[in-house]
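Model, not experiment: these values are computed from the prediction.
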Amino acid sequence: MPDLSVTIAGVPFKNPVIAASGTFGFGREYAQLFPLSTLGGIALKGLTLEPREGNPPPRCIETPQGMLNCVGLQNPGVTAFLRDDLPWLRTQGTVLICNIAGSTREDYCRMAELLSEAPVDMLELNISCPNVREGGMAFGTSCESVGAVTRAVRRRCKKPLIVKLSPNVGDIASIAEAAESAGADALSLINTLTGMRIDLRTRRPMLSNNTGGLSGPAVLPVAIRMVWQAAARVKIPVIGIGGISRWQDAVEMLLAGASAVQVGTATFSDPFAMQKIIAGIESYMSENNIQNIFEITGSVKPYESI
Amino acid sequence: MEFGRFPVLLRRELAKGVIELWITCPNAVNAAPGQFVGILCEGMPLRRPLSICRTDERNHAFCVVFEVRGAGTQWLAARGKGELLDVLGPLGSGFDLSGCESKSAVFVGGGIGAPPLLAAAQRFGSRADVLLGFRTAASVILLRDFAGTGAHVFIATDDGSAGHRGLVTELLGARLDRAPCDIVYACGPKPMLSAAAEIAAAHGVRCQVSLEERMACGVGACLCCASKIRDASGGEHYRHVCKDGPVFEADQVVF
Ligand SMILES: Cc1cc2nc3c(=O)[nH]c(=O)nc-3n(C[C@H](O)[C@H](O)[C@H](O)COP(=O)(O)OP(=O)(O)OC[C@H]3O[C@@H](n4cnc5c(N)ncnc54)[C@H](O)[C@@H]3O)c2cc1C
Ligand SMILES: Cc1cc2nc3c(=O)[nH]c(=O)nc-3n(C[C@H](O)[C@H](O)[C@H](O)COP(=O)(O)O)c2cc1C
Ligand code: FES
């Protein structure tokens with residue numbers, strides 16, 4: 001029997017498949033279809049200090065092998081989450097990762113302080129949301145700002161800290177390095193790629209925010225490349241996200257250097273996508289006589305570049 | 001809510017580009033009128049939301065009636081008997097039909113907004129008036145089916161080729177001027193819903209509307225299908241059509 005468990009920043013996961021933030025809510029909906037304890041973990045919907053209404057509709061549109069969204073971080077705020085959702089989530093038997101966003105550096109720090117006292121397992125710093133006017137991605141696109149916000153939060157956060165990186169940057173490896181040297185315990189990437197579609201008939205953008213974030217199978221190659229580049233530069237574990245819909249995609253992500261994966265948009269097509277991915281990884285390991293996930297992580301054999 | 005692959009039992013073209021598809025699916029037989037399903041179309045990542053038009057307990061089947069609009073509905077329209085469809089549902093919450101054994105109702109359907117009303121109208125029998133609007137006589141659908149529920153059915157067409165010439169909401173205004181009813185149920189394009197809501201409110205009649213919004217998950221997890229809804233204290237908040245709806249109280253919808 002292969003061992004699917006992984007440990008990231010000291011937190012044990014029973015398997016390396018985690019639901020991606022914003023695609024799984026606070027878990028209640030999909031809990032009607034399968035026990036959440038079958039998942040390695042859940043990255044919960046992005047939280048902010050105060051409740052947020054999010055953007056007007058339309059908030060999503062399908063694209064070739066993917067989708068754009070501009071939800072804009074609609075959430076009930078951290079206080080309501082702690083009161084209404086966390087107690088139930090805690091009983092579900094899976095690792096809980098709180099994804100946090102803010103419009104100022106101080107917002108991120110306050111959130112980290114509040115959640116440090118709560119029974120959550122890890123924090124994921126969302127400095128990569130392309131759909132909010134203030135904050136979000138603005139923190140995630142230069143080494144200086146990534147370093148500054150990570151350092152500030154690290155000082156006031158008692159939980160293991162994942163920094164979630166934006167793909168909308170030129171040099172992902174340097175950004176990864178900046179987060180690591182500022183004290184990140186792990187990295188996750190990628191968030192969505194900014195994109196746009198226009199309706200030919202009305203000449204209106206198809207999203208209310210004009211632009212949105214691209215996710216789904218279409219982004220897999222970009223995500224694999226970025227995880228490969230980032231993982232090669234840092235020593236902390238990397239969680240690979242972006243376009244994973246089959247177990248083969250997940251194994252590819254591990255080969256590129258990920259220690260675990262997150263799955264988002266694939267759940268919309270197939271609510272059981274994560275279950276199938278977990279089962280697929282397990283049989284792949286059995287067939288190839290692999291005992292532990294870490295034997296796969298980073299074992300891509302790249303060509304010598306010239 | 002269940003999920004699986006279920007076979008097509010019957011496919012029929014009701015009017016040009018309007019398809020009725022019966023799907024054998026034991027779990028959907030207990031669907032409440034107004035609920036919908038998410039159907040996966042080959043090669044497309046997002047499920048197409050389609051309302052359940054009616055269910056058939058004997059054959060353990062339900063049917064959707066849809067208009068071919070884009071790639072998804074085009075693919076779906078080409079499915080035939082025996083082919084398996086990937087279905088998630090029933091989803092959302094349907095119409096409030098409490099008191100349907102004694103109350104009177106008026107149903108207002110615009111075009112492809114007619115099918116989602118059929119199962120609800122059935123519950124009211126002859127205590128229902130059904131007002132349906134279409135572009136032209138050739139696009140009229142489900143006329144016999146609505147009549148078969150015992151309801152009194154009235155048609156409006158844009159060009160006057162069948163029934164009243166004009167808007168279906170004109171029929172609603174005239175109907176409510178003539179006599180009161182307990183509740184109005186409406187499904188169709190947004191402008192029609194907003195007009196129906198206004199007319200019902202002016203007559204002091206409760207009205208429920210079924211809304212559409214672009215969806216990704218269909219279950220309430222992704223928050224993509226937002227629609228602005230007024231709460232009891234007058235505050236306006238985004239609620240989600242797939243989970244909190246698709247049916248809402250008309251006077252709470254911010255049109
Ligand atoms: C709750 C609900 C119930 C519905 N019931 C019916 C029904 O019974 N019969 C029927 O004909 N239509 C119904 N619709 C509309 C139907 O979902 C769309 O016509 C269909 O998704 C179009 O898909 P497409 O690939 O053919 O078009 P495309 O325009 O190519 O679709 C592109 C994307 O936009 C989405 N989309 C396009 N139009 C709509 C729309 N009006 N509402 C929501 N999403 C849309 C699609 O799902 C897809 O993700 C319903 C919509 C909702 C939200
Ligand atoms: C509808 C939607 C909402 C999202 N919300 C968040 C969010 O709140 N916080 C966040 O860090 N990422 C959010 N994301 C990004 C995902 O977590 C993930 O990084 C991205 O979708 C790529 O993975 P995928 O291709 O598997 O979906 C969201 C994505 C989608 C599609
Ligand atoms: S479609 Fe995901 S919340 Fe409604």
At what distance, to the nearest 0.5 angstrom, does CG of Leu223(B) lie from OG1 of Thr23(A)?
-> 10.5 Å
Segment of Asp270(A) engaging chain B (4.5 angstrom heavy-atom cut-off) | both
Toward chain A, the part of Lys228(B) with a non-hydrogen atom under 4.5 Å = neither
If you count heavy-atom pairs under 4.5 Å between each of Gly54(A), Pro56(A), Pro217(A) and chain B, which one has the most?
-> Pro56(A)
From Phe268(A) atom CZ to Leu88(B) atom CG, the distance as rounded to the nearest 0.5 Å = 12.0 Å
Is there a donor-acceptor pair under 3.5 Å between the side chain of Arg214(B) and the backbone N or O of Cys60(A)?
-> yes
Neighbour count above 12 (heavy atom, 6.0 Å) for Glu50(A) CD | no
Whatever's closer than 4.5 Å to a heavy atom in chain A on Leu46(B) counts as both
Please state whether the side chain, the backbone, both or neither of Met44(B) comes within less than 4.5 Å of a heavy atom of chain A.
-> both
Side-chain donor-acceptor pair under 3.5 Å between His237(B) and Gln74(A), yes or no?
-> no
Closest heavy-atom contact between Pro57(A) and Glu213(B)?
-> CB-OE2, 3.4 Å
Face-on cation placement of Arg52(A) at Tyr238(B) ring, 6.0 Å and 45° thresholds | no
Check the surroundings of atom CD in Glu42(B): do more than 12 heavy atoms from other residues, nucleotides or ligands lie under 6.0 Å from it?
-> no
Has the side chain of Glu29(A) got a donor or acceptor atom that lies under 3.5 Å from a matching backbone atom of Cys222(B)?
-> no
Can you establish whether the number of heavy atoms outside Arg11(B) located under 6.0 Å from its atom CZ is more than 12?
-> yes
Inspect the surroundings of CZ in Arg90(A) and state if more than 12 heavy atoms from other residues, nucleotides or ligands are less than 6.0 Å away.
-> yes
Quick one: closest heavy-atom pair of Met67(A) and Cys224(B), and the distance?
-> CE-SG, 4.1 Å
For Thr267(A), is it the side chain, the backbone, both or neither that has a heavy atom under 4.5 Å from a heavy atom of chain B?
-> neither
Is it the backbone or the side chain of Tyr30(A) that comes under 4.5 Å from a heavy atom of chain B, or both, or neither?
-> side chain
Looking only at Asn69(A), Val71(A), Thr265(A), most heavy-atom pairs under 4.5 Å shared with chain B are made by Val71(A)
Short side-chain to backbone donor-acceptor contact, Arg59(A) and Ala226(B), under 3.5 Å = no
Is chain B contacted by the side chain of Pro64(A), its backbone, both, or neither, given a heavy-atom distance below 4.5 Å?
-> neither
Can you tell me if CD on Glu13(B) sees more than 12 non-hydrogen neighbours from other groups inside 6.0 Å?
-> yes
Identify which part of Arg48(B) has an atom lying under 4.5 Å from any heavy atom of chain A, answering side chain, backbone, both or neither.
-> side chain
